[in-house]
Amino acid sequence: MLCVHSPLHRGHAGTHEIYRGELVPCFEKPERADFVLQAFQRAGLGEVRAPDDHGLAPIERIHAPRYLAFLARVWDAWAAQGGTRDLLPAVWPTRGFRDDIEPDNLVAQLGLYSFDSGSPITAGTWTAALAGAHCALTAQAAVAQGARAAFSLARPPGHHAGTDFYGGYCFLNHAAIAAQAFVDGGAARVALLDVDYHHGNGTQQIFYDRSDVLFQSIHGDPRTEYPFYLGHADETGAGAGLGFNANYPLPAGSDNTRWFEALEAACRRITAHGAEALVVSLGVDTFEGDPISRFHLRGPEFTRLGTRLAALGLPTVFVLEGGYAVAEIGDNVVSVLQGFEGG
Ligand SMILES: NCCCCCC(=O)NO
Ligand SMILES: [Zn+2]
């Protein structure tokens with residue numbers, strides 16, 4: 001299986017995030033990708049290739065121009081003001097505020113384009129996010145050209161990023177960008193399955209009124225788990241997209257039997273959709289030892305996940321999302337990919 005990876009992720013290295021109201025060291029750190037890369041190479045799963053430069057056009061198919069312009073300029077604007085520390089928002093346009101006018105104030109702009117204070121922007125964030133999107137696009141191109149599967153090994157992750165907002169450590173929605181590339185390449189029906197512990201609120205928002213991309217997510221119940229404000233089972237799509245969004249929220253602490261029951265339901269739905277390609281938001285923070293999550297998957301379950309996805313028989317792009325047990329993230333990701341390869 002091809003792995004697409006860029007060392008440019010290392011430029012995104014925030015020091016602290018606000019987690020549940022407290023300033024703590026970042027959980028989403030460069031070592032995550034290093035450990036996955038080492039495990040992938042150790043397992044001999046395939047070639048590791050640098051991403052091609054796909055430019056901005058495929059990214060503009062998903063994200064709003066004013067948001068991309070903001071991400072591209074925000075650090076330089078901050079540096080021009082003499083700023084050096086990581087950028088975190090402190091004010092947001094919640095209900096009753098206007099969000100059609102972009103304030104001149106930089107901290108206000110951070111709030112306009114974000115939904116949490118846990119995703120620091122640093123000098124290398126834009127470059128890293130852009131490289132991550134190009135990793136996903138390069139993986140998608142390889143699959144569109146005949147590869148059975150490919151893995152986009154990038155950070156920061158993407159599934160919390162919406163059309164014009166960042167959060168949950170995510171800035172560009174790599175999985176959504178890859179799914180759109182399949183559509184733009186002629187696929188009439190694409191399935192996007194999010195198996196990260198946290199609901200892919202950004203991906204849901206992006207495809208919510210569309211029937212060509214079926215979005216499904218298995219995740220910790222948002223009544224108690226991040227992102228809290230989206231991811232309930234009654235969110236089934238809108239307009240032309242009604243019936244093409246499915247959430248499987250599970251109570252924190254749910255056992256693996258319940259998790260795989262949800263996976264089975266989602267896989268059946270993918271087959272019923274008549275999907276021609278599959279994009280997987282592969283978060284492994286479902287791992288029993290993950291520091292910020294509360295499911296119980298371990299190596300054998302990750303292998304079983306990969307095997308089940310292989311049984312769908314679809315051209316598949318895996319996109320790395322979460323997973324913060326840094327010592328185990330590599331083995332957990334490789335277990336999924338090995339299960340898929342052997343499936
Ligand atoms: N800062 C709060 C927790 C963010 C979760 C990020 C994640 O793993 N999403 O899938
Ligand atoms: Zn997650």
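Index from 1, following the sequence. Just so you know, ligand 1 is whichever comes first in the structure, and atom 1 is the first atom listed for that ligand.
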Taking atom 8 (O) of ligand 1 as the reference point, the nearest protein heavy atom with its distance | Tyr324 OH, 2.5 Å
Taking non-hydrogen atoms only, is [X] closer than 4.0 angstrom to ligand 1 via side chain, backbone, both or neither?
| X | value |
| --- | --- |
| His159 | side chain |
| Phe27 | neither |
| Tyr197 | neither |
| His160 | side chain |

Determine the interplanar angle of the His273 and Phe244 rings, folded into 0 to 90°, and report it as parallel if under 30°, tilted if 30 to 60°, perpendicular if over 60°.
-> perpendicular
May I ask you to decide if the ring planes of Phe302 and Phe287 are parallel, tilted or perpendicular, using 30° and 60° as cut-offs?
->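 Phe302 vs Phe287 ring planes: tilted.
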Heavy-atom distance under 4.5 Å between the side chains of Leu130 and Leu8, does that happen here?
->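 Result no, sub-4.5 Å side-chain heavy-atom pair not found.
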Which of these passes ring-ring contact (aromatic ring centres under 6.0 Å, His included) with Tyr169: Tyr226, Tyr19, Phe27, Tyr324?
-> Tyr324
Taking distance alone, with no angle check, do Asp116 and ligand 1 share an N/O pair under 3.5 Å?
->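 N/O-N/O distance below 3.5 Å does not exist for this pair.
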Could an N or O of ligand 1 be found under 3.5 Å from any N or O of Asp196, whether backbone or side chain?
->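 Asp196 vs ligand 1: N/O contact under 3.5 Å present.
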Residues Asp221, Arg294; criterion salt bridge (Lys or Arg N to Asp or Glu O under 4.0 Å); working and verdict | CA-CA 10 Å; Asp221 191 319; Arg294 293 192 280 170; over 6 Å; no
For [X], the ligand 1 atoms whose distance to one of its heavy atoms is below 4.0 Å:
| X | result |
| --- | --- |
| His198 | 5 (C), 7 (C), 8 (O), 9 (N), 10 (O) |
| Glu17 | 1 (N) |
| Gly168 | 6 (C) |

Verify the distance test for Glu321 against the Zn ion (ligand 2): any N/O/S atom under 2.8 Å, yes or no.
->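 Short answer: no, not a single N, O or S atom is under the cut-off.
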How about His5 and Phe40: are their ring centroids closer than 6.0 Å?
->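 When the ring centroids of His5 and Phe40 are compared, they turn out to be at least 6.0 Å apart.
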Angle at the Zn ion (ligand 2): provide the value between OD2 of Asp285 and OD1 of Asp196, rounding to 10 degrees.
-> 100°
Which N, O or S atom name in His198 marks its closest approach to the Zn ion (ligand 2)?
->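 Closest N, O or S atom of His198 to the Zn ion (ligand 2): ND1.
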How many angstroms lie between CG in Leu297 and CH2 in Trp259, if you round to the nearest 0.5 Å?
-> 5.5 Å
Which of these passes side-chain contact (heavy atoms from CB on, under 4.5 Å) with Phe318: Leu309, Val195, Leu278, Val333?
->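 Only one of Leu309, Val195, Leu278, Val333 forms a side-chain contact (heavy atoms from CB on, under 4.5 Å) with Phe318, namely Leu309.
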Answer yes or no: is there a donor N or O on one side and an acceptor on the other, between the side chain of Ser119 and the main chain of Gly168, under 3.5 Å?
-> yes
